Amino acid sequence: MSRGPGRWQRLILDSLETGAPVVITHPDFSTSEQVAIRRAAYRLEEEGRIRLTSERVAGRPRLVAYPLEGEMPEPLNVTGMDGKVYRMPRIEAEVQFIAKVSQLNEGQFEDALRKAREAEDMSYAGVLRAAGLE
């Protein structure tokens with residue numbers, strides 16, 4: 001019989017009480033701690049207590065938890081050659097920065113994202129190509 005949420009699950013749930021998303025994986029944690037944190041987050045997601053997605057944070061893919069209520073970016077999942085489904089990091093925030101620096105207006109930016117999705121190439125290079133910047 002379970003004794004309730006474990007140490008990492010409690011930390012994740014407590015962090016989400018503010019309603020803001022929380023970056024689950026972070027390089028400040030050791031490898032074994034990151035494995036335990038991810039396992040706790042996946043278990044909370046299975047139980048329907050949180051929502052998870054992969055996003056780029058400071059240029060690195062990170063697992064991010066969202067509370068059940070509120071908005072969350074649409075998850076982007078891909079199927080690998082091994083048949084498993086993987087979470088692909090969302091890059092819209094970084095591409096928005098590139099769009100701002102490149103003087104793209106919102107319509108051009110949305111058009112570039114749409115073209116990149118259609119081409120199934122949501123990499124930096126794919127979005128930049130779709131925007132005509134590469």
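Residue numbers start at 1 and run along the sequence shown. All of these numbers come straight from a predicted model, not from anything done at the bench.
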Give me the atom names and distance for the closest heavy-atom approach of [X] to [Y].
{"X": "S15", "Y": "L11", "answer": "OG-O, 2.8 Å"}
{"X": "G48", "Y": "L68", "answer": "O-CD1, 3.0 Å"}
{"X": "L13", "Y": "R49", "answer": "CD1-NH2, 3.3 Å"}
{"X": "A65", "Y": "I50", "answer": "CB-CD1, 4.2 Å"}
{"X": "A20", "Y": "P67", "answer": "O-CD, 4.3 Å"}

Look only at the side chain of R62 and the backbone of V23, and say whether a donor-acceptor pair between them is shorter than 3.5 Å. no

- Item | Donor-acceptor under 3.5 Å (E47 side chain, L44 main chain) | no

Given the options D28, L63, I24, T25, Q34 meets side chain to side chain contact (heavy atoms under 4.5 Å, CB included) only with T25

Straight-line distance of [X] [atom1] to [Y] [atom2], nearest 0.5 Å:
{"X": "W8", "Y": "R39", "atom1": "CH2", "atom2": "CZ", "value": "11.5 Å"}
{"X": "R51", "Y": "L16", "atom1": "CZ", "atom2": "CG", "value": "10.0 Å"}
{"X": "R7", "Y": "E33", "atom1": "CZ", "atom2": "CD", "value": "6.5 Å"}

inquiry  = Looking at R43, I want to see if its CZ is surrounded by more than 12 non-hydrogen atoms of other residues, nucleotides or ligands under 6.0 Å.
reply    =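 No - once you tally the heavy atoms of other residues, nucleotides and ligands closer than 6.0 Å, there are 12 at most.
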
Exercise for review: State yes or no: do V22 and I12 share one hydrophobic cluster built from I, L, V, M, F, W and Y residues joined by side-chain heavy-atom distances below 4.5 Å, directly or via other members?
Suggested key: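 Cluster IDs for V22 and I12 match.
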
Quick one: are L52 and Y42 in side-chain contact, heavy atoms under 4.5 Å? yes

